[in-house]
Amino acid sequence: MANSLPATMQAVTVVEPGKHSSLSWQTSALPQLAGGELLLKVAAFGINRADLMQRQGLYPPPAADSPVLGLEAAGTVVAVADHSLAGWLGQQVFGLVNGGGYAEYVRIPAAQAMPVPRGWTFEQAAATAETFLTAYQLLFMLGAADAGQRVLIHAGASGVGTSAIQLAKARGLQVAVTVGTEEKATFCQQLGADLSINYRQQDFAEVLSTAWPEGIDLVLDPVAGSYLNAEATLLAMDGKIIIYAMMGGRKIPEFDLSLLFKKRGQLLCSTLRNRSAAYKAQLTHLFSTDFAAMLAEGKIKPVLTGVYKPEQLEQAHQLLASNQTVGKLVVSFIE
């Protein structure tokens, strides 16, 4: 069920996946809808580190997902799979997509679509789903964080980090972050972080053992590697460490498991992309139930650092890879 649509579209192809890959906009067929899906005419899409990994061949998409890069998009619904979804036609939505976001059109399950808040731009909406849903999952679905607890968020100025700071403070958590520059430290404090530690100048374990001697209830860690030993010593009783990326390496040097046993600590590893459709639908529903009103009121919002044109996509990827960014980068088709 659709409005009049073109037969083809422009979508990004990764040329020679690997360390020396490049990106090329090429003509492609429009996606074919399956049951429960909407077709989105993309106005803007978000850029995530998972995209950088995929183009290097390090993060292949699940078998059922589109091989095209892109895990989130915002735009207008122009077609639906069947009459039961007709109410979505013409709606402005954003959300997680199962690959394919780097394109003029993309499929999105209706259960993963959220209305663009009134007064928001498509660019803002495109910068929201992946990082806020990841942060929500880590903090509340896996971390079971509650008011008054202490959370350590590594890479605090990243897209997930800036989203997690806002969600954690909205729920009354105490928040510490680690960052790599004084500018990022200041920004995170302005966003609400109680402690902001420049890991290039301070040992975060030393700072936190003094500032929070009671221990840390939850650690959100995209670094892994050598961080694990320090994190385990900082945990409060029954604390949790959740690893959701491995920027510091996939191997843990001489990790002392007894540190976790002493604290009855939990070490969890989590990704979002390969979760089931039912899980992503539940995650979207829970996040919307808990925070849609705050999004609409502007009490929480994405930190949107840069908006790029489609032909500037490679530039945006290089900037994200440089680790110099705060928050999110998006590509917009809007002139």
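Of all heavy-atom pairs spanning Ala127 and Pro302, the tightest one is O-CB, 3.6 Å. Nearest heavy-atom pair, Ser270 versus Leu142, reported as atom, atom and distance to 0.1 Å: OG-CD1, 3.3 Å. Taking each heavy atom of Leu218 and Ala145 in turn, the nearest pair found is CD2-CB, 4.1 Å. For the residue pair Glu72 and Ala129, the shortest heavy atom distance occurs at OE1-N, 3.2 Å. Shown here for Ile153 and Ala164, the closest heavy-atom pair between the two residues is CD1-CB, 3.7 Å. Nearest heavy atom pair, residue Pro6 against residue Tyr105, reads CD-OH, 3.5 Å.
Judged by distance alone, the side chain of Gln324 and the main-chain N or O of Ser322 form a donor-acceptor pair under 3.5 Å. Looking only at distances, no side-chain donor or acceptor of Arg264 sits under 3.5 Å from a matching main-chain atom of Met237. Judged purely by atom type and a 3.5 angstrom limit, Thr134 has no side-chain atom pairing as donor or acceptor with the backbone of Thr131. In this structure, the side chain of Ser66 engages the main chain of Val68 through a donor-acceptor pair within 3.5 Å. Between the Gln166 side chain and the Leu191 main chain, no donor and acceptor come within less than 3.5 Å of each other. Although no hydrogens or angles enter the test, the distance criterion places no donor-acceptor pair under 3.5 Å between the side chain of Asp221 and the main chain of Ile242. Looking at Trp88, its side chain never comes within 3.5 Å of a backbone N or O of Val80 through a donor-acceptor pair. Between the side chain of Ser209 and the backbone N or O of Glu206 there is at least one donor-acceptor pair closer than 3.5 Å. Under a 3.5 Å cut-off, the side chain of Gln282 and the backbone N or O of Tyr279 do not form any donor-acceptor pair. Between the Lys240 side chain and the Gln266 main chain, no donor and acceptor come within less than 3.5 Å of each other.
The local environment of CD in Gln201 is crowded, with over 12 non-hydrogen atoms from other residues, nucleotides or ligands closer than 6.0 Å. Within a 6.0 Å sphere centred on CD of Glu214, other residues, nucleotides and ligands contribute more than 12 heavy atoms. Within a 6.0 Å radius of NZ in Lys169, other residues, nucleotides and ligands contribute more than 12 heavy atoms.
For the 3.5 Å distance criterion, the side chains of Thr284 and Gln112 fail to qualify, holding no donor opposite an acceptor. For the residue pair Ser22/Glu314, the side-chain donor-acceptor check at 3.5 Å is not satisfied. With 3.5 Å as the limit, one finds no donor-acceptor pair spanning the side chains of Arg49 and Gln54. Defined by atom type and a distance below 3.5 Å, a donor-acceptor pair is missing between the side-chain atoms of Asn198 and Lys184.
The shortest distance between side-chain heavy atoms of Asp82 and Ser84 falls below 4.5 Å. Taking 4.5 Å as the limit, some side-chain heavy atom of Met114 sits within range of a side-chain heavy atom of Leu133. In this structure, the side chains of Leu195 and Val177 stay at 4.5 Å or more apart for every pair of heavy atoms. Looking at Ser196 and Val179, their side chains come closer than 4.5 Å, going by heavy atoms from C-beta outward. Proximity of Val151 to Val219: side-chain heavy atoms (C-beta onward) are nowhere separated by under 4.5 Å. Using a 4.5 Å heavy-atom cutoff, the side chains of Phe187 and Ile165 are not in contact. Contact of the Asp256 side chain with the Thr233 side chain is not registered, since no non-hydrogen atoms from C-beta on lie closer than 4.5 Å. Leu220 places none of its side-chain heavy atoms less than 4.5 Å from the side chain of Ile243.
Rounding to the nearest 0.5 Å places CG of Asp194 at 9.5 Å from CG of Leu173. Once rounded to the nearest 0.5 Å, the distance linking CG of Leu85 with CG of Leu39 reads 12.0 Å. Summarising the geometry, atom CG belonging to Asp238 is positioned 10.0 Å from atom CG belonging to Leu235; distances are rounded to the nearest 0.5 Å. Expressed to the nearest 0.5 Å, how far NE2 of His20 lies from CD of Gln56 amounts to 10.0 Å. How far NZ of Lys263 is from OG of Ser258: 10.5 Å, rounded to the nearest 0.5 Å.
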Intermediate values then yes/no, side chain to side chain donor-acceptor pair (under 3.5 Å), Thr27 and Gln10: CA-CA 5 Å; Thr27 300; Gln10 291 292 300; 2.9 Å; yes

Determine, step by step, whether Gln32 and Arg107 satisfy the side chain to side chain donor-acceptor pair (under 3.5 Å) criterion, reporting the C-alpha distance in whole Å, the side-chain angles of both residues, the deciding distance to 0.1 Å, and the verdict. CA-CA 8 Å; Gln32 297 299 305; Arg107 299 184 302 164; over 6 Å; no

Check the pair Gln137 / Tyr244 against side chain to side chain donor-acceptor pair (under 3.5 Å), numbers first and verdict last. CA-CA 11 Å; Gln137 174 193 228; Tyr244 65 97; over 6 Å; no

Given the rule in the side chain to side chain donor-acceptor pair (under 3.5 Å) test, do Glu130 and Asn48 qualify, once you have shown the distances and angles that lead to the verdict? CA-CA 8 Å; Glu130 177 70 16; Asn48 296 284; 5.1 Å; no

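Considering Leu40, Ile108, Val116 in turn, Val116 is the only one that fulfils the side-chain contact (heavy atoms from CB on, under 4.5 Å) rule with Phe94.
Annotation: salt bridge (Lys or Arg N to Asp or Glu O under 4.0 Å) contacts of Asp65 (sequence neighbours excluded): none.
Annotation: Phe204 is not in aromatic contact with Trp212 [ring centroid separation under 6.0 Å not met]. Aromatic pair His317/Tyr102: centroids less than 6.0 angstrom apart. Between His154 and Tyr199, the gap from one ring centroid to the other reaches at least 6.0 Å.
Using a 4.0 Å cut-off between a side-chain N of Lys or Arg and a carboxylate O of Asp or Glu, Arg171 and Asp290 qualify as a salt bridge. The residues Arg55 and Glu16 are annotated as not salt-bridged, no charged nitrogen and carboxylate oxygen being separated by less than 4.0 angstrom.
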